[in-house]
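All values derive from a computational prediction rather than experimental measurement. The chains referred to below are lettered A, B, ... by the order of the sequence lines, with proteins before strands, and numbering in each begins at 1.
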2 protein chains.
Amino acid sequence: MDIRDIARLSGYSLGTVSRVLNGHPNVSERARERVLAVVEEVGYEPNSNARYLKMQSHLSVAIFVKGSRNMLFADILERVQALLREAGEQPDVVYLGEDDNEVVHAVRYERLRHPKGIVFLGGDPAYFKAGFQRIEVPAVLVTNTAAGLGFKNLSSVSTNDVAAARDVIEHLYARGHRRIGIIGGERSLSQVGGRRLHGAEEALRAHGIEFDYERDFEPCHFAMEDGYDAAVRLIMRSRDLTAIFALGDAIAIGAMRAVFDMGLRIPDDISIAGYDGLSAGQFCVPRLTTIRQDTRQLASRSVDALLAALGGEEQPVREMVPYQLLNRESVCTREREPVRVA
Amino acid sequence: MDIRDIARLSGYSLGTVSRVLNGHPNVSERARERVLAVVEEVGYEPNSNARYLKMQSHLSVAIFVKGSRNMLFADILERVQALLREAGEQPDVVYLGEDDNEVVHAVRYERLRHPKGIVFLGGDPAYFKAGFQRIEVPAVLVTNTAAGLGFKNLSSVSTNDVAAARDVIEHLYARGHRRIGIIGGERSLSQVGGRRLHGAEEALRAHGIEFDYERDFEPCHFAMEDGYDAAVRLIMRSRDLTAIFALGDAIAIGAMRAVFDMGLRIPDDISIAGYDGLSAGQFCVPRLTTIRQDTRQLASRSVDALLAALGGEEQPVREMVPYQLLNRESVCTREREPVRVA
DNA sequence: CTGAAAGCGCTTACAG
DNA sequence: CTGAAAGCGCTTACAG
């Protein structure tokens, strides 16, 4: 069943059928109705390979997701897909490992399939800097920033990680915490973890506290297992910590269990703050105090930016979306230590 | 840069270049080397649309995932994708809502893209029964069974939900629990929830307990939020319950928080058992007692089955993969109630 | 508004 | 082992 059959069945030529199918203006109402009726009746679907071959492009947009078990991305992905579908796109999603180079994958994909646009859920600006000039279609980086990279076809929508991390530290500091440890991510400034770390360090310094990376920081992947191990290492090493800032909620949840297993209470012995606002955080005991990234806006602004670019808009968007500190139960106010007389 | 350029540059004809690219036997070693060298040098990548158009099919396999926030599926998906890639496939993943009809989507997709095979992560046999005859390529249903449907091109790899649920009840019963409530899923036998429910009911009956659906069952979606609400409703209604079997770990985690919020202790006042073996379960306090579905085997057996079918194997596989009851901390032994003298 | 024709970039019998 | 040719199912100038 191909377009020629529809032409035959409808009594019109192949060209006219194609025009109807593609919503071109120059077709009579009669022709349109007739063709559509036949299409409907026989359940015809155009062959996309022929279509894209002829049009020299893939009609679809590709979504690269960095880490299939990242719940934050799962959440955003769900919305991005729904939005894209509403806009008539049928997105392709490709999963990558947490440590994969998304830009290398995208370059290969673009050559192979010629998508009309790309969205990156997560990504490292360092990779973009190195290889993004090879990709030519509009793209948008979500949850990380493309500012300063200088690519006209790369938008970004993210949370202000530096400011949000600073807020977490302020929150902790205001509640009397002075010995604060941090777990998660790496020190690389191009990654989200690195920027959160940076914001935290700044806030600490503003209060006259120099953050000691050797003693009070443990890098780790964004997973519960890793958070657990990192928390154990950190606490064993720095026994006087009164609070831990986990750079992701999954990490925080693992850390909470670690603290419990070490016979310590949360938040009384050690307070814990997370980052992301995963829904799981509100089911923890105690509920996790954290930064809520606005997945709804992250998704909708990203799709808006991509659609605009697809529509011919030349100016990329570099947007930060509002976040919110969720003050829940895993952080307590620290009583001032009694002054000890020597 | 297309195949004609490669022909020109290599001094061979277009047909020979194509044969080299596709690994056909009838090409001289000289030609192969020369062509490959040129391809390498100019970085040529064949146009997949032209290729698939000509070959009348898409070279890839499609993966339909029912519910993008389902961590069990996320886990299986990761493995399935890796395995497929190792086998040289570049899978397409399509996300569906938890309540979508995956077969309708697959039929449409097949018409449009002609994948060479399909894997369904989750799915309702009732939908397959109604519409799967329209799909002609090999497919495999993961985590649910295709037995009894009679489709030669549909394999399935799943956990024996009936038996596993029965084991959960036995576990609870052996620890003295007699008043057991169940939350999650629906009563429809074709869905996994329904089958777990069925297994539980059977086990209870074997001990002379008739399960009261009106009083002791609360259906719900497989998410923490829903588990929370369902647990509240159930406990309010059936105050004498000593244990709750949540038909999914996400549900269980929500239920644990609900029990806590109602001022009850786990497992002392109410024991909770889950199903799935999500890694999050081991970070709960207390750690969740649950059924571990073997995601590794679920993934590898599914890919094996699909690859075999793609290779010409005509006999579909209908396989159950071993599961394991993880006896952790959320279920306690119930002391026998003291006999009350009237 | 409509039709006839060219051509997108490949693969694969068919000859040789 | 290699080349010339047909054709996969579409879209889109070009005429009319």
What residues 27-36 of chain A contributes to the DNA chain C interface at heavy-atom separation below 4.0 Å is Val27(A), Ser28(A), Ala31(A)
Is the number of heavy atoms from other residues, nucleotides or ligands under 6.0 Å of Glu314(B) CD greater than 12? no
Would you say CZ of Arg85(A) has more than 12 non-hydrogen atoms from neighbouring residues, nucleotides or ligands within 6.0 angstrom? yes
Do [X] and [Y] have side chains that get closer than 4.5 Å, going by heavy atoms?
{"X": "Val93(B)", "Y": "Gln81(B)", "answer": "yes"}
{"X": "Leu83(B)", "Y": "Ser300(B)", "answer": "yes"}
{"X": "Asn22(B)", "Y": "Arg51(B)", "answer": "yes"}
{"X": "Val137(B)", "Y": "Ile118(B)", "answer": "yes"}
{"X": "Phe120(B)", "Y": "Lys66(B)", "answer": "no"}
{"X": "Arg34(B)", "Y": "Val38(B)", "answer": "yes"}

Going 5' to 3' on DNA chain C, which nucleotide is the first and which the last to come under 4.0 Å of a heavy atom in chain A? dC1(C) to dG9(C)
Rounded to the nearest 0.5 Å, what separation is found between the CG atom of Leu154(B) and the CD atom of Gln133(B)? 12.0 Å
What's the shortest heavy-atom distance between Ala62(B) and Tyr109(B), and which atoms? CB-CE2, 3.5 Å
Regarding Asp2(A) and Tyr44(A), do their side chains bring together a donor and an acceptor under 3.5 Å, going by distance alone? no
Do Asn144(A) and Ser158(A) have side-chain N/O donor and acceptor atoms under 3.5 Å apart? no
Examine Tyr95(B) together with Phe64(B) and report whether their ring centres are nearer than 6.0 Å. no
Answer yes if the ring centres of Phe132(A) and Tyr127(A) are under 6.0 angstrom apart, and no otherwise. no
Nucleic acid contacts - residues 18-26 of chain B versus DNA chain D, non-hydrogen atoms under 4.0 Å: Arg19(B), Asn26(B)
Residues of residues 7-15 of chain B with any non-hydrogen atom less than 4.0 angstrom from an atom of DNA chain D: list those, numerically ordered, please. Tyr12(B), Ser13(B)
Listed partners of Asp100(B) passing salt bridge (Lys or Arg N to Asp or Glu O under 4.0 Å), at least two apart: none
Intra- and inter-strand pairs of DNA chain D in dot-bracket (Watson-Crick or G-U wobble, both distances under 3.5 Å; | for another strand): |||.||||||||.|||
